[in-house]
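A short write-up of the structure that comes next.
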Number of protein chains: 2
Amino acid sequence: MSSPSAAESFPAHTSAGSQIFTTVLSQGPLTRSEVARRAGLSAAAVTKAVRPLIEAGYLVEDVDEDARPALGRPANLVRVDGGRALFIGVKVTGDKIIGVLTDLCCRILVARYVPLAARDPKAVLGSAAELVRELLIEADGLGVRVAGLGMAVSGDVDRAEGVVRYSPFLEWRDVPLAELAAMTTGLPVTVDNDVRALTVAEQWFGAGVGLSGFALVTVGAGIGCGLVVHGKVVAGAHGVAGEIGHVAVDPAGPRCHCGNRGCVEAIASDDAIVRQVRAATGVQVADAVETAGLAHDGVAGAREVYARAGDAIGRGIATVANLLGPERVIISGEGLAAYDLFADHIRDAFATAAFGSAARCDVQTRPLPFDEWARGAAATAIQSFIRSDANQHLRGAAMTQPA
Amino acid sequence: MSSPSAAESFPAHTSAGSQIFTTVLSQGPLTRSEVARRAGLSAAAVTKAVRPLIEAGYLVEDVDEDARPALGRPANLVRVDGGRALFIGVKVTGDKIIGVLTDLCCRILVARYVPLAARDPKAVLGSAAELVRELLIEADGLGVRVAGLGMAVSGDVDRAEGVVRYSPFLEWRDVPLAELAAMTTGLPVTVDNDVRALTVAEQWFGAGVGLSGFALVTVGAGIGCGLVVHGKVVAGAHGVAGEIGHVAVDPAGPRCHCGNRGCVEAIASDDAIVRQVRAATGVQVADAVETAGLAHDGVAGAREVYARAGDAIGRGIATVANLLGPERVIISGEGLAAYDLFADHIRDAFATAAFGSAARCDVQTRPLPFDEWARGAAATAIQSFIRSDANQHLRGAAMTQPA
DNA sequence: GCCCCTTATTTTCCGCTGTCAATGAAAGAA
DNA sequence: TTCTTTCATTGACAGCGGAAAATAAGGGGC
């Protein structure tokens with residue numbers, strides 16, 4: 001995270017402190033004793049960590065009418081005051097920039113879009129700055145300060161340094177985006193890969209809450225996958241991880257743009273589906289909406305394409321399950337709009353290809369409005385904000401001893 | 001780990017203490033300042049942690065003639081005294097039990113085998129106890145106490161509880177092996193899955209030292225894979241992880257015993273190779289040694305089988321690399337004896353199927369004598385021994401908050 | 001209404017850890 | 001000999017988180 005101004009810091013300097021805050025943030029209102037239990041700490045530690053957070057206004061106390069114990073003193077709920085701080089999340093796509101203003105609980109308050117004329121860093125940064133400016137005005141209207149900006153970009157992104165190493169899509173190489181955006185906007189900036197950002201959002205605020213291992217599979221223009229293992233998002237040694245889209249499920253399959261054959265993405269991405277439906281039906285469909293229309297109309301060729309796509313996705317998911325044993329797989333993305341067309345095939349392929357107990361993995365779907373991508377970016381900003389001072393030293397330390 | 005006697009405990013009760021010891025153990029003799037650097041701690045902390053370890057005899061100081069700094073006070077090396085404690089590792093296979101006696105540095109001192117008549121827990125335990133008894137006598141001869149017993153079994157093993165949940169190979173279900181073996185032998189016992197045990201050995205004492213993410217792929221009777229992500233061995237939610245053998249690389253491939261088609265194991269395991277060579281050449285080869293012989297003799301059908309096997313393994317490895325971005329992949333196992341027959345194919349398939357920077361992953365081979373499986377078991381015992389008291393509370397704690 | 005039981009939360013120590021800054025050691029260099 | 005440099009140790013210290021005891025806040029029985 002690149003921080004231009006010495007903003008007021010978050011009052012959870014201890015590791016237990018940020019752990020406790022994170023627990024409350026993601027696991028909803030909780031009693032102190034429940035927090036202690038879930039965080040594996042003593043009740044005393046929770047009391048001590050919670051007080052400054054309440055004083056600073058990040059946590060508030062609620063009376064609980066519902067969930068009081070059958071016996072004994074009633075518990076007080078503690079929850080995050082979402083309105084205490086705002087965040088901006090920005091997602092850069094090929095043709096537009098999406099920006100959202102969220103509260104501390106990562107609820108989207110405002111969403112805005114800006115079309116993108118050019119893809120060079122300068123143009124993108126200019127448009128993003130414009131978008132941020134608009135959202136800052138909205139925030140001003142709410143009278144709450146914006147505590148951070150998160151930016152999500154596809155490709156190889158070095159979050160720690162805030163640098164986009166290589167984004168094939170934008171044709172960027174080694175762009176110090178966090179630094180540039182921090183200078184332009186005056187906000188602390190976090191930059192991360194788009195799928196990883198979405199995974200963070202899911203881990204803290206979505207279907208991944210409380211899980212130490214899960215996979216988020218996004219289906220749409222591309223097929224992506226964010227992985228959480230041992231409670232942390234997997235980043236990969238060379239910025240590559242979660243490339244489920246390029247898991248080859250069929251050596252006889254269609255050629256993929258990556259050069260290989262039979263990648264999941266070459267079979268199940270929007271583009272691939274359009275291409276295959278054209279070939280199978282002869283109809284010159286324009287996009288995924290039309291292909292889905294054909295399939296819904298019962299055109300056999302189109303339905304078969306979706307069947308194959310679902311099969312490929314199911315195999316890809318099974319591969320992840322076989323290798324990592326996640327507790328859950330969350331399927332999401334724009335492609336979900338046509339989910340009914342491949343749901344059964346995904347399920348069947350998964351059931352067939354999952355080995356042994358891996359089949360017990362909970363596979364669920366989750367609608368993903370496009371704004372969610374920007375929300376993911378905001379989630380990374382929230383994450384950085386919470387850890388602003390605390391753990392800073394941990395991040396730099398040599399963490400290569402076995403555990 | 002199931003511990004029957006309150007054995008003298010390891011003097012590294014603090015997390016930093018065991019971290020420092022582990023660093024010295026796996027990264028060889030180091031100066032104190034170098035330890036501090038690698039462990040991300042202050043020099044003072046190292047001094048304080050090292051002293052009791054030296055007093056207890058687990059660490060010893062060496063004078064360094066070679067690697068002294070160009071300037072300034074010469075440094076003293078600290079290293080683990082392997083002879084301070086001994087460990088026994090036991091690996092159970094279908095027809096025999098392999099046992100090794102190792103020192104604290106996991107160097108094999110003695111290796112023994114016992115044939116196995118029956119596979120029921122009682123018979124296995126009896127044979128294992130016999131083996132352990134022999135090794136204890138050897139240890140007595142050395143005058144050093146055996147500080148722990150590690151047992152490695154294939155299948156779903158719950159290490160924390162010391163229970164074999166389900167081993168298809170042995171046909172065991174919920175066998176509390178650690179408890180049983182502890183009662184029989186009087187030693188503290190650690191039980192783990194065999195591939196994970198081997199991965200621990202590799203992480204602490206092999207080609208995985210210092211890496212926060214790597215994969216160990218074993219080729220032989222089965223195709224296995226141990227994964228280390230974020231510095232920890234991946235165990236999987238339902239005891240399943242690293243099942244690279246059941247990653248399906250070809251939907252048109254041969255039927256696998258798991259019910260699916262085209263699994264790596266159905267193409268590249270010893271059995272699969274024998275079966276395919278028989279089909280291709282008509283020669284009734286008996287085992288993998290003979291098939292390798294045929295291939296080495298230039299029999300085209302046999303060579304093709306190995307080519308396909310190498311291709312499948314390479315694709316499987318690429319899948320792991322695409323999903324996890326490990327820093328290194330270590331290929332090992334008995335199948336390596338015929339490595340020259342598929343090396344090129346593995347390499348080619350990996351290069352083709354690895355996506356983008358994933359191809360930069362370091363793929364290396366490492367001979368694996370069969371004793372190594374038992375050494376892996378010993379490594380888990382060493383790991384448990386070092387953590388005996390320290391961190392005990394960490395293991396039980398709720399570790400589900402996002403990080 | 002009073003006392004007892006139970007659970008939640010807070011308070012008060014208290015030990016322990018790891019850092020900091022200062023100091024001592026052990027070369028080689030000037 | 002004295003300075004410089006790096007390694008190692010020491011002692012003071014701040015802070016964290018735990019244990020235990022105290023306090024809070026009901027419900028129920030009498």
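As a basis for the values below, the full set of heavy atoms in this structure was taken, side chains included, without hydrogen atoms, waters or symmetry mates. Note that the structure is predicted; figures quoted are calculated from it, not measured. So you know, we letter chains A, B, ... as the sequences are listed, proteins then strands, and number each from 1.
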Task: Distance in angstrom units between B/L77 CG and D/dT6 P, rounded - done: 18 Å

Task: Candidate pair B/T190 and B/L149, rule side chain to side chain contact (heavy atoms under 4.5 Å, CB included), full reasoning - done: CA-CA 6 Å; B/T190 308; B/L149 165 63; over 6 Å; no

Open item on the list: Using whole Å, what does the distance between atom P of nucleotide C/dC16 and atom CG of B/L41 come to?
Closed with: 19 Å

Open item on the list: Within the structure provided, determine whether B/R107 and B/F205 are in side-chain contact (heavy-atom separation under 4.5 Å).
Closed with: no

- [ ] Among D/dG26, C/dA27, D/dA8, find the nucleotide with the atom closest to the side chain of A/P74.
- [x] D/dG26

Open item on the list: Among D/dT9, C/dT10, D/dG18, which nucleotide has an atom closest to any side-chain atom of A/R32?
Closed with: C/dT10

Under 3.5 Å, which N/O atoms of the protein pair with N/O atoms of nucleotides 22-25 of chain C?
residue : atom : partner : partner atom : Å
C/dG24  : N2   : B/R73   : NH1          : 2.3
C/dA25  : O4'  : B/R73   : NH1          : 3.3

Task: Side-chain donor-acceptor pair present, B/S212, B/E327, cut-off under 3.5 Å - done: yes

Open item on the list: Taking only side-chain N and O atoms of B/S33, does any of them lie within less than 4.0 angstrom of OP1 or OP2 on D/dC7?
Closed with: yes

TODO: Take atom CZ of B/R37 and atom P of C/dT19, then tell me their distance rounded to the nearest Å.
DONE: 15 Å

- [ ] Check the pair B/L142, B/L109 against side chain to side chain contact (heavy atoms under 4.5 Å, CB included), reporting the backbone distance first and the verdict last.
- [x] CA-CA 10 Å; B/L142 296 168; B/L109 305 178; 4.0 Å; yes

Open item on the list: When you compare the side chains of A/Q383 and A/R159, does any donor N or O come within less than 3.5 Å of an acceptor on the partner?
Closed with: yes

- [ ] Start with the C-alpha gap between B/T199 and B/F214, add the side-chain angles, then the distance that decides, and say whether side chain to side chain contact (heavy atoms under 4.5 Å, CB included) holds.
- [x] CA-CA 9 Å; B/T199 307; B/F214 72 91; 4.1 Å; yes

Between the protein and nucleotides 11-13 of chain C, are there any N/O to N/O pairs under 3.5 Å, and if so, what are the atom names and distances?
residue : atom : partner : partner atom : Å
C/dT11  : OP2  : A/R51   : NH1          : 3.3
C/dT11  : OP2  : A/R51   : NH2          : 3.1

TODO: Please report, rounded to the nearest Å, how far the P atom of D/dG26 is from the CG atom of A/N76.
DONE: 9 Å

Task: Check ion pair A/E61-A/R32 (N to O, under 4.0 angstrom) - done: yes

Open item on the list: For B/F21, give me all partners under ring pair (Phe, Tyr, Trp, His ring centres under 6.0 Å), at least two apart in sequence or on another chain.
Closed with: B/F10

Task: Reference residue B/L59; test side chain to side chain contact (heavy atoms under 4.5 Å, CB included); the match among B/I20, B/I54, B/L25 - done: B/I54

Task: Atom-to-atom span, CD of B/Q19 to P of C/dG18 - whole angstrom - done: 9 Å

TODO: Mind calculating the distance between CG (B/L71) and C1' (D/dT5) to the nearest angstrom?
DONE: 5 Å

